[in-house]
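Let me begin by presenting the structure, written as structure tokens, before commenting on it.
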Amino acid sequence: MQASRARLFKEYKEVQREKSADPDIQLICDDSNIFKWTAVIKGPSETPFEGGVFQLAFSIPEQYPLLPPQVRFITKIFHPNVHFKTGEICLDILKNAWSPAWTLQSVCRAIIALMAHPEADSPLNCDSGNLLRSGDIRGYQSMARMYTRLAAMPKKE
């Protein structure tokens with residue numbers, strides 16, 4: 001557990017130092033628990049998620065970085081690799097392709113890449129996956145855009 005705390009503290013210091021380096025990702029450590037983090041990521045441009053701001057919850061195991069963090073979307077998102085109700089993310093690096101070389105920042109980068117390049121063959125959201133697999137790109141994009149507008153865009157007063 002000491003090694004994971006040291007690693008997380010190192011990542012925390014890097015995040016503080018490089019805040020402006022990656023404007024698409026904002027990582028926030030819980031003040032009272034270094035094993036709980038939140039990320040705010042921007043939807044990638046030229047995707048149905050563009051303009052959206054999505055919140056992720058990180059739960060980091062005591063064996064980190066030997067084990068991957070658990071990450072889920074808090075913001076609702078219509079995407080084949082994200083469970084619509086729980087926000088669970090189907091991404092190989094969060095499961096069997098994890099490597100201790102990954103950081104919380106690089107996990108966020110991978111999630112943004114997944115948003116831009118969905119994998120319809122291993123869907124957690126079957127409705128979304130079926131639209132893509134059947135070739136209805138327009139239907140998928142309009143649903144994803146609608147949910148981005150509803151859940152991930154700041155409300156105009």
Can you list the steps and then say if Leu124 with Glu88 is a side-chain contact (heavy atoms from CB on, under 4.5 Å)?
CA-CA 8 Å; Leu124 280 174; Glu88 177 192 348; 4.1 Å; yes
Grouping I, L, V, M, F, W and Y whenever their side-chain heavy atoms are under 4.5 Å apart, do Leu150 and Val82 come out in a common cluster?
yes
Within a radius of less than 6.0 Å around CG of Asn33, do more than 12 heavy atoms belonging to other residues, nucleotides or ligands occur?
yes
List the steps, then state whether side-chain contact (heavy atoms from CB on, under 4.5 Å) holds for Ile111 with Leu91.
CA-CA 8 Å; Ile111 291 169; Leu91 182 60; 4.0 Å; yes
Side chain of His79, backbone of Leu114: donor and acceptor closer than 3.5 Å?
yes
According to a hydrophobic-cluster definition based on side-chain heavy atoms being under 4.5 Å apart (Ile, Leu, Val, Met, Phe, Trp, Tyr only), do Leu8 and Ile93 belong together?
yes
Any chance you could lay out the side-chain contact (heavy atoms from CB on, under 4.5 Å) test for Ser128 and Leu131, step after step, and finish with the verdict?
CA-CA 5 Å; Ser128 173; Leu131 283 170; 5.7 Å; no
Is the Phe73 ring parallel, tilted or perpendicular to the Phe54 ring (thresholds 30°, 60°)?
perpendicular
Check residues 34-45 and write down every donor-acceptor pair under 3.5 Å in which the side-chain atom is one partner and the other belongs to a residue at least two apart or another chain.
from	atom 1	to	atom 2	distance (Å)
Lys36	NZ	Ser59	OG	3.1
Trp37	NE1	Ile34	O	2.7
Lys42	NZ	Pro23	O	3.4

If you count heavy atoms of other groups shown closer than 6.0 angstrom to CD of Gln70, is the number above 12?
no
Are there over 12 heavy-atom neighbours, none belonging to Glu14, within less than 6.0 Å of that residue's CD?
yes
Side chains of Asp30 and Ser32 only: does a donor on one sit below 3.5 Å from an acceptor on the other?
yes
With a 6.0 Å cut-off (strictly less than), is the heavy-atom count around CZ of Phe58, excluding the residue itself, greater than 12?
yes
Cluster question for you: counting only ILVMFWY and a side-chain heavy-atom cut-off of under 4.5 Å, with indirect links fine, are Phe9 and Ile60 together?
yes
Closer than 3.5 angstrom, by distance alone: can the side chain of Glu11 be matched with the main-chain N or O of Leu104 as a donor-acceptor pair?
yes
Side-chain donor or acceptor of Asp136 paired with backbone N/O of Leu132 under 3.5 Å:
no
